[in-house]
Structures are given as C-alpha cells and as structure tokens.
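Lettering of chains follows the sequences in order, A, B, ..., and the numbering in each one begins at 1.
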There are 2 protein chains.
Amino acid sequence: MQIVRKNLTFQLDKPILYMMTKKRRRLLELLQESVQPLSAQQVYEQMEESLDMATVYRGLKYLEEAGEISSFLLDCSERGVERYYSQSSSCHRHFLHCVSCHSFTSLNECPLGSLEKIEKETGFRVEEHYLTLKGTCEKCQINVRGK
Amino acid sequence: MQIVRKNLTFQLDKPILYMMTKKRRRLLELLQESVQPLSAQQVYEQMEESLDMATVYRGLKYLEEAGEISSFLLDCSERGVERYYSQSSSCHRHFLHCVSCHSFTSLNECPLGSLEKIEKETGFRVEEHYLTLKGTCEKCQINVRGK
DNA sequence: AAAAATATGCAAATCGTTCGCAAAAATTTG
DNA sequence: CAAATTTTTGCGAACGATTTGCATATTTTT
Ligand SMILES: [Mn+2]
Ligand SMILES: [Mn+2]
Ligand SMILES: [Zn+2]
Ligand SMILES: [Zn+2]
C-alpha cells in the first residue's frame, strides 16, 4: 500500500500506482495546448510520434483518474456519441457545441444558480452536474451555409 | 411525396413513411406508463410479448423521429453509457440521477434561466440544452448502505 | 383478392473501446 | 552499476451495444 511511483509532474489526490511516461505527458500537453476539447481519435491524430490507440485510451483513463483531465459525452446528431477530453482547469466548465462546425465554446461561468431549491424540492443531494448547450456559433451564423 | 400511411394514433410533425404497429404502440405505452425513463434493454425486458432487440431499437428510433418519445444519454460510472427513453411530455424536462440506486427524479422546472446572457457573451445561438444532475436520492440518503 | 409497401426476426456486420499477452521501458534493489 | 521487479506499450483478439441485410410476415393500397 501507499507505494507511489516517481516521475510524476503533478500531485495525485489519491495515490495511484502508475507512472507519468513520455507518451502520457505528451497526451496531457496536447490537451493543455488545445483550446477545444478533443476526442480520443483527435488526440490520436494529433500525436506526432506513433502511439497505439489502446495506449491513447489507457493514457486518457490514467490522466482522468489522476485528475489532470476530465471528459464528457457529446451526443451529436451528425457524428454520433463521442467522448471529449480537456484539461481539468481550476473550476468546472460547460461547453457550447456548434451543430454546424462542431466546435466548442467554453462558458465563462456556470449558468446554474444555487441548487438548494432543487435539493429542497426533490430531496436529492446533488453532487455533480453536466450541462451541454447546442446551437450555432457566431461564425456559422454568418456563413449561413455552414463551414 | 407526402405519402403518409394510416394507422397513426398521433400527428406527425414531418410526414414519415411508416406505420404505427401493435408492437410499436406497445413500446410507446410502456414508456408512457413508466415514471422512470427506460433503456432499450429495460423496455425489452418489460415487453410481455416477444420482440426482437433489433425491433426494439427500430421502434424506439421510429417513435423518437415521430416526436412521441425523446432520449438522452447517461454516463453512469457503475453502469457505463446508456441511452434512456421517455415519453415526450408537453415541455422539456431534466432528470436527477441517483448514483446509488440508479433511479431518476424529474425536475419540475428548468433551472436554467434565460439564455440571453450566454448568447450575448458567446455570440452563440442556443437551440437546445441538456442537463443531468447526479447525486443521491432521498431514500438512498436514509438507507446509507444504498439499495 | 391480388399487388405493393413496410415491419419483423434472425444472423451477420459494425465500430469504438477494452483486454490478454509478450516484449519494451522505467524503477527499485543490493 | 547490473539484476530483479514493476509498469507500459503494441498488437491482435474480444467485447457489446447498436445497426444492417435479407427472407418472411404483416399491413395497406388497389
Ligand atoms: Mn455548472
Ligand atoms: Mn432546461
Ligand atoms: Zn460553428
Ligand atoms: Zn437512490
């Protein structure tokens, strides 16, 4: 127990038994450099050095467990269900998804007010929430024909 | 064009070329009778008469296109990603998901205020939104050991 | 009643993701 | 440092929910 490997560039909330390797660090950097959340496939395509898809999935899982990145599901009518990954910035975020060009825009703040009213009304203890907004981004509204 | 088959118990927004069969009607009834949203698998299990899984999927797709039901994705850490179906009641709804007993509770009203502020801030035209709240339901808070 | 259209069951295909295993890389031990 | 141990990686196979093709059954139209 409590055996934590070295070679970590970040503090772990809970000790996990693995290592931060070159490939995993590169995965993380890619997501930190990207303004947009990326799917596993997109991460894979943006990797310069070759990397097996299974390793991408394992790496993303590792980084998410370590708290460095977080993911959400997007149910896009054109592209189907995809999981998107982004760095875990300080606080939680919500994204707007453009149904035309499929880009994401980050919200500055959470549009959900206090959840107390909901908790009182339902008796629920609310622990997490996920919000996805879909619509058309500024660019796509101008280029009416889409991208 | 504009050929719409008979045997429909509801009005279609857009004409579609298929029929409301006994089996599809039973699918719809099941969802209308259920307080909880149901997954394709749950619908399948609750059908008394035998029905192929492919027919369940095709039927649910048909009903959703006809606007009679709607679906959303749930990303549950225990059960993975599942699509849930429920009748399309008058207005859009949001659900609370209990991470202990996996039940759903419906919110009375949408906790999202006006989206105008977001639209101004981001330039986005918001067309849809999906909100999932996760937490612990009243029962599960009492039975601390979960269901 | 016969012809045309659509739904259904069944089996196979699909596709993103996960898994098992042997080889490679990183870490620990002495 | 080299040897022993642990973890990661690539590769191919497995997985599982959903979709698809096709022959047959059901429903609708004529
Ligand atoms: Mn929020
Ligand atoms: Mn709402
Ligand atoms: Zn756009
Ligand atoms: Zn519960």
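With sequence neighbours excluded, no residue forms a side chain to side chain donor-acceptor pair (under 3.5 Å) with Gln32(A). Judged as a side chain to side chain donor-acceptor pair (under 3.5 Å), and not counting sequence neighbours, Lys139(B) has no contacts. Under the side chain to side chain donor-acceptor pair (under 3.5 Å) criterion, Glu138(A) pairs with no residue, sequence neighbours left out.
Per the geometry, CD belonging to Gln41(A) stands 11 Å off C1' belonging to dC15(C), to the nearest Å. Atom CZ of Arg79(A) is separated from atom C1' of dC15(C) by 17 Å (rounded to the nearest Å). We find that CE of Met20(B) is positioned 16 Å from C1' of dT26(D), with the value rounded to whole Å. Following rounding to the nearest Å, Leu27(B) (CG) and dA7(C) (C1') show an atom-to-atom distance of 12 Å. Atom CZ of Arg24(B) is separated from atom P of dT27(D) by 12 Å (rounded to the nearest Å). To the nearest angstrom, P of dT7(D) lies 12 Å from OH of Tyr62(A). Between the CE atom of Met47(B) and the C1' atom of dA7(C) there is a distance of 13 Å, given to the nearest Å. The CG atom of Asp75(A) sits 15 Å away from the P atom of dG16(C) (whole-angstrom rounding).
Inspection of the Glu127(A) and Thr136(B) side chains reveals an N or O donor paired with an N or O acceptor under 3.5 Å.
The other members of the hydrophobic cluster of Leu73(A), by chain and number, are Val81(A), Leu73(B), Val81(B) (side-chain heavy atoms under 4.5 Å, ILVMFWY only). By the 4.5 Å side-chain criterion applied to Ile, Leu, Val, Met, Phe, Trp and Tyr, Leu74(B) is assigned to a cluster that also includes Phe72(B), Tyr84(B), Phe95(B), Phe104(B).
For Lys22(A), no side-chain nitrogen or oxygen approaches OP1 or OP2 of dA25(C) to under 4.0 Å. Of the side-chain N and O atoms in Thr21(A), none sit less than 4.0 angstrom from OP1 or OP2 of dT8(D).
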*Base versus backbone protein contacts along nucleotides 19-24 of chain D [heavy-atom cut-off under 4.0 Å; B, S, -]*: BBB---
